[in-house]
Amino acid sequence: MAIYSASVKPVSRAGGRSATAAAAYRNAEKIVDERTGEVHDYTRRRGVEFVESFAPAGITPLPAAVLWNLAEAAETRRNARVAREVLVALPHELTAQQRSELAQDIAQALADRYGTAGTLAVHEPDSEGDNRNHHAHILMTTRRLEAFGELGAKTRDLDSVGRGPLEVEWIRAMVEERTNRALERAGSAARVDRRTLE
């Protein structure tokens, strides 16, 4: 049995966080926050294996610095949710390229369902931790990306008390299905299961 993990978390100003800082850290990039003037420079960070921007089908993805500054500018509230992160375990049974392709596949499914854009970063296991802990940080906007490259309406699906849990379950099932498909294509007998031990 391969390792399964998929979680969804907001990036909120209420917690003192910003989309530009979150993206710079996860992507090991330098991003200047145009709203605050802060420089988030994580270019010396190690362990980031693959980074890519994504967008809904038919829309050109935006570079991380452009996208996350747009996300910050679109929100006026001091406690606004400026991004959403989906953190996904990637099977160590796959090669680096297969893991990157799986992360891209998952990110595209999210973009197409919610109309959002974002950046994904595939991370290698920490040198002090479990050497099987390959994972992807999929950071996505809380607003839909319009065809002309602007952020539009807020996506409320994951915030809704009634709909939110169903959407999280859809994400977890989608990650399970696509991960198992990737393992099968790779010729691995390993499979993941999103169900708890109970």
Side-chain angles (χ1 to χ4, degrees), residues 1-11 19 22-23 26-27 48-64 67-68 70-71 81-123 133-147 149-160 162-186 188 190-196:
M1 177 85 50
I3 297 168
Y4 176 87
S5 177
S7 62
V8 183
K9 298 179 257 188
V11 175
R26 283 154 184 75
N27 301 352
V48 179
E49 197 170 77
F50 177 82
V51 174
E52 184 172 87
S53 293
F54 61 89
I59 300 177
T60 303
L62 298 173
L67 177 66
W68 298 115
L70 277 176
R81 290 183 174 179
V82 289
R84 187 169 281 112
E85 179 179 39
V86 178
L87 180 59
V88 177
L90 300 172
H92 71 276
E93 292 88 350
L94 299 177
T95 65
Q97 182 174 340
Q98 289 165 340
R99 285 190 293 272
S100 296
E101 289 169 357
L102 172 58
Q104 289 171 295
D105 188 31
I106 292 168
Q108 193 61 56
L110 292 167
D112 292 342
R113 184 169 181 92
Y114 300 112
T116 55
T119 52
L120 71 91
V122 175
H123 289 194
N133 184 24
H134 297 273
H135 55 281
H137 293 268
I138 301 171
L139 202 61
M140 58 187 198
T141 57
T142 56
R143 291 179 177 272
R144 298 182 192 285
L145 182 67
E146 305 296 344
E150 295 293 322
L151 292 177
K154 207 74 155 151
T155 58
R156 301 282 183 198
D157 300 330
L158 287 157
D159 299 325
S160 161
R163 184 103 193 112
L166 298 173
E167 290 300 319
V168 170
E169 182 53 28
W170 178 87
I171 290 170
R172 290 177 54 76
M174 178 270 292
V175 168
E176 175 190 55
E177 187 268 325
R178 287 169 192 255
T179 301
N180 284 333
R181 202 166 58 200
L183 286 163
E184 185 178 1
R185 271 196 314 265
S188 173
R191 295 293 182 268
V192 298
D193 192 324
R194 72 183 186 278
R195 295 174 298 176
T196 64

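Worth saying up front: this structure is predicted, and the values here are computed from it rather than measured. Side chains are part of it too, since the values below use all heavy atoms of this structure and drop only hydrogens, waters and symmetry mates.
Here the CG atom belonging to D157 is positioned 10.5 Å from the CG atom belonging to L166, to the nearest 0.5 angstrom. Distance CG/L90 to NE2/H135: 8.5 Å, rounded to 0.5 Å. We find the CZ-CD distance between R144 and E146 to be 8.5 Å, quoted to the nearest 0.5 Å. Rounded to the nearest 0.5 Å, atoms CZ (R191) and CG (L183) are 6.0 Å apart. Between the CG atom of L145 and the CG atom of L151 there is a distance of 6.0 Å, given to the nearest 0.5 Å.
Residues L94 and A182 share a closest heavy-atom pair of CD2-O, 3.8 Å. Taking every heavy atom of both residues into account, A57 and D112 meet most closely at N-OD1, 2.8 Å. For the residue pair I106 and I138, the shortest heavy atom distance occurs at CG2-CD1, 3.7 Å. Of all heavy-atom pairs spanning H92 and R99, the tightest one is O-NH1, 3.8 Å. Among all heavy-atom pairs drawn from A22 and V11, the shortest one is CB-CG1, 4.4 Å. The two atoms that bring W68 and A117 nearest to each other are CH2-O, 4.4 Å, heavy atoms only.
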### Query
Step by step, would you call E101 with Q97 a side chain to side chain donor-acceptor pair (under 3.5 Å)?
CA-CA 6 Å; E101 289 169 357; Q97 182 174 340; 2.9 Å; yes

### Message
Does L70 form a side-chain contact (heavy atoms from CB on, under 4.5 Å) with T141? I'd like the steps, not just the answer.
### Response
CA-CA 10 Å; L70 277 176; T141 57; over 6 Å; no

### Query
Stepwise, does the side-chain contact (heavy atoms from CB on, under 4.5 Å) test hold for M174 with R113?
CA-CA 11 Å; M174 178 270 292; R113 184 169 181 92; over 6 Å; no

### Query
How far apart are the C-alpha atoms of L158 and M140, what are their side-chain angles, what is the distance that settles it, and do they pass the side-chain contact (heavy atoms from CB on, under 4.5 Å) test?
CA-CA 12 Å; L158 287 157; M140 58 187 198; 3.9 Å; yes

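Within a 6.0 Å radius of CD in E184, no more than 12 heavy atoms belonging to other residues, nucleotides or ligands are found.
A donor-acceptor distance shorter than 3.5 angstrom exists from the side chain of Q108 to the backbone of A55, with no hydrogens or angles considered. A donor-acceptor contact shorter than 3.5 Å links the side chain of H123 to the backbone of R26. With S53 contributing its side chain and L62 its backbone, the two residues share a donor-acceptor pair below 3.5 Å. R84 contributes no side-chain N or O that, together with a main-chain N or O of T142, makes up a donor-acceptor pair within less than 3.5 Å.
No side-chain heavy atom of Y4 sits under 4.5 Å from any side-chain heavy atom of R195. Two residues are said to be in side-chain contact when any heavy atoms from C-beta on lie closer than 4.5 Å; N27 and L139 fail this criterion. In this structure, the side chains of V122 and H134 stay at 4.5 Å or more apart for every pair of heavy atoms. Side-chain contact check for R194 versus V175: every heavy-atom pair is 4.5 Å or farther apart. Side-chain atoms of F50 and L120, non-hydrogen and from C-beta on, do get closer than 4.5 Å to each other. Looking at heavy atoms from C-beta onward, T179 lies in side-chain contact with P91 at the 4.5 angstrom threshold. Between V192 and N180 the shortest side-chain heavy-atom distance falls below 4.5 Å.
For the side-chain hydrogen bond (donor to acceptor under 3.5 Å, both in side chains) test, residues two or more places apart in sequence or in another chain that qualify with Y114 are E167. Listed by chain and number, the residues in a side-chain hydrogen bond (donor to acceptor under 3.5 Å, both in side chains) with T95 are Q98 (sequence neighbours excluded).
The pair D159-R81 meets the salt-bridge criterion, with a side-chain N (NZ, NE, NH1 or NH2) lying under 4.0 Å from an Asp/Glu carboxylate O. Residues E176 and R172 are not paired through a salt bridge, judged by the lack of any N-O separation under 4.0 Å between the basic side chain and the carboxylate.
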